[in-house]
Amino acid sequence: MVKRSVLISTLLLLFLGRCAMTEMPMPHDNPLDRIYDSGDYRMVLTGTIVSLTESQLNWSGIFRVEKGEVDVRDVQMNGSAVIYRSAAEPSAADLDAVKKAQSLSGAFSAVGGCSVGPKDESYAGACAVTSTPKGYFILKFPYRDSSKSGTLYSNFVEIQ
């Protein structure tokens, strides 16, 4: 009887562990969440310190909330993104602005830009931040798809 309950417990843990690896569609309320919704899109931004004077911002691709990764034939970027930075943590107004793809508060200012272009059928990319390499960062991309033009934000990322 003890062996049977141990076996059942082990199988249950294995099953639950496999389920935990799958992202479930759910709201992301934390502005520093690595996966964050901006309008109909999602973009995962990460940041690392390269040196005392430079940080690197990376993203793996752009995803439509309902349909998965965006193909470069479906959505066109204009070729550049604006890097915004703030010394202070994003406010509730900033969080709401990203959800609605609107303008950020005055705490965030543009500190540079970077080129955005398709690579192997994806919009994965990276850019360097050299002027002020620490703080809270977010990228803003103008886009155009078959039905509209708009603004896409990444998630906020903290680099300290």
Side-chain angles (χ1 to χ4, degrees), residues 16-50 54-129 132-160:
L16 291 175
R18 291 181 63 112
C19 292
M21 291 182 212
T22 306
E23 181 187 345
M24 301 298 289
M26 58 189 290
H28 299 279
D29 297 327
N30 179 355
L32 297 178
D33 193 354
R34 293 186 61 188
I35 299 174
Y36 195 75
D37 297 341
S38 173
D40 294 331
Y41 294 95
R42 222 176 240 183
M43 183 183 163
V44 180
L45 181 68
T46 60
T48 57
I49 295 176
V50 176
E54 182 179 346
S55 292
Q56 183 81 23
L57 300 173
N58 300 291
W59 60 95
S60 60
I62 299 169
F63 297 84
R64 235 180 249 265
V65 175
E66 300 293 324
K67 300 178 182 175
E69 187 163 10
V70 169
D71 188 289
V72 296
R73 295 175 295 246
D74 296 335
V75 175
Q76 298 172 350
M77 298 297 174
N78 78 347
S80 63
V82 178
I83 304 167
Y84 286 91
R85 178 200 171 271
S86 173
E89 191 171 314
S91 67
D94 292 318
L95 175 62
D96 193 51
V98 169
K99 285 182 182 179
K100 295 176 182 173
Q102 297 174 340
S103 297
L104 296 169
S105 72
F108 280 86
S109 58
V111 293
C114 60
S115 177
V116 178
K119 297 175 187 166
D120 301 323
E121 311 266 334
S122 171
Y123 280 112
C127 52
V129 179
T132 48
K134 293 184 179 181
Y136 295 87
F137 296 89
I138 189 168
L139 296 182
K140 178 181 178 181
F141 295 85
Y143 74 88
R144 180 171 184 78
D145 65 18
S146 60
S147 62
K148 63 181 176 181
S149 296
T151 298
L152 163 70
Y153 284 104
S154 69
N155 57 295
F156 293 99
V157 66
E158 178 183 13
I159 301 175
Q160 295 301 338

**Study point:** Side-chain heavy-atom pair Val98, Ile138 within 4.5 angstrom cut-off
**Key:** yes

Check your understanding: Mind checking whether Phe156 and Tyr84 have ring centres under 6.0 Å apart?
Key -> no

Point to revise | Side chains of Arg144 and Ser149 in contact at under 4.5 Å (non-hydrogen atoms) | key: yes

**Study point:** Lys134 backbone acceptor or donor facing Arg85 side chain under 3.5 Å
**Key:** yes

Exercise for review: To the nearest 0.5 Å, tell me how far Ser91 OG sits from Tyr136 OH.
Suggested key: 12.5 Å

Exercise for review: Output the distance between atom NZ (Lys140) and atom CG (Leu104), rounded to the nearest 0.5 Å.
Suggested key: 7.0 Å

Revision key, fill the gap. side-chain contact (heavy atoms from CB on, under 4.5 Å) with Ser55: of Val50, Thr132, Ile159, only one passes, and it is Ile159

**Study point:** Donor-acceptor under 3.5 Å (Ser154 side chain, Leu139 main chain)
**Key:** yes

**Study point:** Nearest heavy atoms of Ala81 and Phe141, plus distance in Å
**Key:** CB-CE2, 3.4 Å

Exercise for review: Only counting residues at least two apart or in another chain, list the ones meeting side-chain hydrogen bond (donor to acceptor under 3.5 Å, both in side chains) with Lys100.
Suggested key: Asp96

Revision key, fill the gap. Rounded to the nearest 0.5 angstrom, the CD-CD1 distance for Gln160 and Ile49 is 7.5 Å

Review point. Donor-acceptor pair, Asp94 side chain versus Ser105 backbone, under 3.5 Å?
Key: yes

Revision key, fill the gap. To the nearest 0.5 Å, atom CZ of Phe108 lies from atom OG of Ser86 at 4.5 Å

Practice item. Please list, chain by chain and in numerical order, all residues satisfying ring pair (Phe, Tyr, Trp, His ring centres under 6.0 Å) with Phe137, sequence neighbours excluded. Key: none

Check your understanding: Can you list the residues that meet the side-chain hydrogen bond (donor to acceptor under 3.5 Å, both in side chains) rule with Ser109, with sequence neighbours excluded?
Key -> none

Review point. Which pair of non-hydrogen atoms, one from Ile83 and one from Cys127, has the smallest distance, and what is that distance?
Key: CD1-SG, 3.8 Å

Study note, to complete from the structure: Value for CG (Leu152) from CZ (Arg42), rounded to nearest 0.5 Å, stands at 12.0 Å

Practice item. Without swapping roles, check the side chain of Tyr153 against the backbone of Gln102 for a donor-acceptor pair under 3.5 Å. Key: yes

**Study point:** side chain to side chain contact (heavy atoms under 4.5 Å, CB included) between Leu45 and Leu57, worked out
**Key:** CA-CA 7 Å; Leu45 181 68; Leu57 300 173; 3.9 Å; yes

Review point. Where do Trp59 and Cys114 come nearest, in terms of heavy atoms and distance?
Key: CH2-SG, 3.9 Å

